[in-house]
Amino acid sequence: MKSAMEVKELQKVFGKNIAIKHVDFNVKQGEIFGLLGPSGSGKTTMVKILTGELSKTAGDVNVLGMDSSKFKTSDFKSKVGILSDNSTLYKRLSVYDNLKLFCKLYKAPLHHIDDILHDVHLYEERFKTASDLSKGMAQRVLLAKALIHKPDLVFLDEPTSALDPGTMIHIHRALQKLNEVGTTIFLTTHNMEEATELCDRVAFLHKGELQELDSPAALRYKYSDHTFHVETVAGERMVIKNEPETADQVRQLIANRQVKAMHTDNPTLGQIFLKVTGKELV
Amino acid sequence: MNIQRIHAIFEKDIKDFMKNMMLLVLPALPLVIALLYALTSEGEAELPLPLLYLIVGMAFSGITSAMIMTMMAEENEKNTLRGLIQSPASFVDIIVGKSLVTGIITLISLVASLMIVGIEPFLEFRVILGLILLFLFFLLLGIGIGLFSKTVSATSAYLMPVMLLFGFTSMVGTFGFAEDSMAITITDTFPIMQAIKIHDSSSWMPMVVIAIWIIAAAIFTYVCFRNTMTDD
């Protein structure tokens, strides 16, 4: 699979503070890549470097086949959508007029506005003034704004931060729909459930350093204690090691219809992050 | 430069302008002054040029500079400018698009005001060219200050000196300074004073001086815009 993004030995220094320390990673075309880290870990700095809002101190960055010198060109901007943590709407304008502006700036057909408003479940609110929207609605309009031109790659910096679960579900569905048509999504979050649900691969960023990079399932397996927790119909609870020697024991329990419940006890991404970095994902 | 993108920004700004009370009152300022002059100078054949240029200065500083300054500062303060910068619109598309509304409103208000007090002295090619150059100077100055000031409330602090120094320069003569005083010598090089000189001479020097002011304002604007484009 081709890479949508290649980051090699990336470093960013602000004065004496090293914000990004020699980071390497690739994002494949069409995948949802999650960059997880607590506040201040360097996630937003990373997004800003990858979108050309900040210059890098050292290293190589290549996004959609373009190096960082091209990040300010219309060609690059036309292929990328950005929802940053400080994106806002024109408060005096309606939802429709806000999207119409960006539709025209990206030279996208105007019917995209209605399509995207349906996707984020805001079609009925299209003539509402932006200042009258709830925080969740405004965030969905901002997402619509980032996707209005059907970009090849979308950067989403904390897209569901401080949103209610209902809005979060709407946003997740819109992102999954977008990914189904091949759009690459680069997502930063400190919401481990969101990362587990959405991301094909996640990377842990802590104090500017990349600590782990793999699929959520692979990471959970890697850091699990490799045991089964079995509860029998008789009420007995057993912890069985997940290894070839115990396979017969498990098979026997199932054959004898003795199993009431059986599950593995893999850690959550949040627990793994804590184990790897010693810091919680908040 | 892309016409479609310029039009998109213009369309957005005109809608925003119509809903912004703070900006809606600005075009009335030169009209009010023109009406006052017209009422108090009844019977006089023609107002003196410094008075006419007070209206011109009021239009360019009180509408052109103030309006674009407020619009840019609001975009900056509310972080919507970053959205425009992240889009494929170029620096020129954004500046031209945003300037169109300001230009049209200034033009309507200035022409209406001058018609009230007598537009005849301005109906000459060189004078009109001078007015266009003045507009560009005040526009670029406003854009630069709007980007520099970061918040809408901060613009009012910068607008006063702009109005007093560059908008009302033609009134310096009424303060009783000697002809060869430092104040007169310095303000004589200011854009409004140079525009008045266009009426009295056939020299192109006043245009050149105003053009130098425009270049200075353009450099200031470009530096401010470059700083806004990135977080470095």
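Chain letters run A, B, ... following the sequence lines, proteins first and then strands; every chain starts at 1.
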Check the pair B:Arg82 / A:Asn86 against side chain to side chain contact (heavy atoms under 4.5 Å, CB included), numbers first and verdict last. CA-CA 9 Å; B:Arg82 187 49 65 91; A:Asn86 51 12; 5.6 Å; no
Other residues, nucleotides and ligands only: do more than 12 of their heavy atoms fall within 6.0 Å of NZ on B:Lys150? yes
Taking every non-hydrogen pair under 4.5 Å, which of A:Gly52, A:Ser78, A:Ser55 racks up the most with chain B? A:Ser55
Considering all heavy atoms, the nearest B:Asp16-A:Leu93 contact: N-CD2, 3.9 Å
With a 6.0 Å cut-off (strictly less than), is the heavy-atom count around CZ of B:Phe148, excluding the residue itself, greater than 12? no
Under 4.5 Å to a heavy atom of chain A? For B:Ile6 that would be neither
Between the NZ atom in A:Lys77 and the OG atom in B:Ser90, the distance rounded to the nearest 0.5 Å is 8.5 Å
Could you walk me through whether A:Leu105 and B:Asp93 pass the side chain to side chain contact (heavy atoms under 4.5 Å, CB included) test, one step at a time? CA-CA 10 Å; A:Leu105 289 179; B:Asp93 296 340; over 6 Å; no
Over all heavy atoms of both residues, which pair between B:Gly83 and A:Phe102 is shortest? Give the atoms and the distance, please. O-CE2, 3.5 Å
Assess whether atom OH of B:Tyr222 is packed by more than 12 heavy atoms of other residues, nucleotides or ligands within 6.0 Å. no
Heavy-atom distances under 4.5 Å only: say whether B:Gln86 touches chain A with side chain, backbone, both or neither. both
So does B:Glu74 pair up with A:Lys91, basic N to acidic O under 4.0 Å? no
Would you call A:Asp97 and B:Lys15 a salt bridge, using N to O less than 4.0 angstrom? yes
Could you have a look at B:His7, B:Lys12, B:Lys19 and say which one has the most heavy-atom pairs with chain A under 4.5 angstrom? B:Lys12
Structural part of A:Phe71 lying under 4.5 Å from a heavy atom of chain B: neither
Begin with the C-alpha distance, continue with both residues' side-chain angles, and end with the deciding distance and a verdict on side chain to side chain contact (heavy atoms under 4.5 Å, CB included) for A:Tyr90 and B:Lys78. CA-CA 8 Å; A:Tyr90 290 98; B:Lys78 296 186 176 161; over 6 Å; no
Evaluate whether atom CE of B:Met115 has more than 12 neighbouring non-hydrogen atoms of other residues, nucleotides or ligands under 6.0 angstrom away. no
Where on A:Leu89 is there a heavy atom nearer than 4.5 Å to chain B: the side chain, the backbone, both, or neither? backbone
Interatomic distance, B:Ser87 atom OG to A:Ile148 atom CD1 [nearest 0.5 angstrom]: 13.0 Å
Check the pair B:Arg5, A:Lys104 against side chain to side chain contact (heavy atoms under 4.5 Å, CB included), reporting the backbone distance first and the verdict last. CA-CA 6 Å; B:Arg5 292 186 179 124; A:Lys104 286 186 166 183; over 6 Å; no
At a 4.5 Å cut-off on heavy atoms, which part of A:Lys107 comes close to chain B: side chain, backbone, both, or neither? both
Please rank B:Asn79, B:Leu84, B:Ile85 by heavy-atom pairs under 4.5 Å with chain A and give me the top one. B:Asn79
Any side-chain heavy-atom pair from B:Asn20 and A:Arg92 closer than 4.5 angstrom? yes
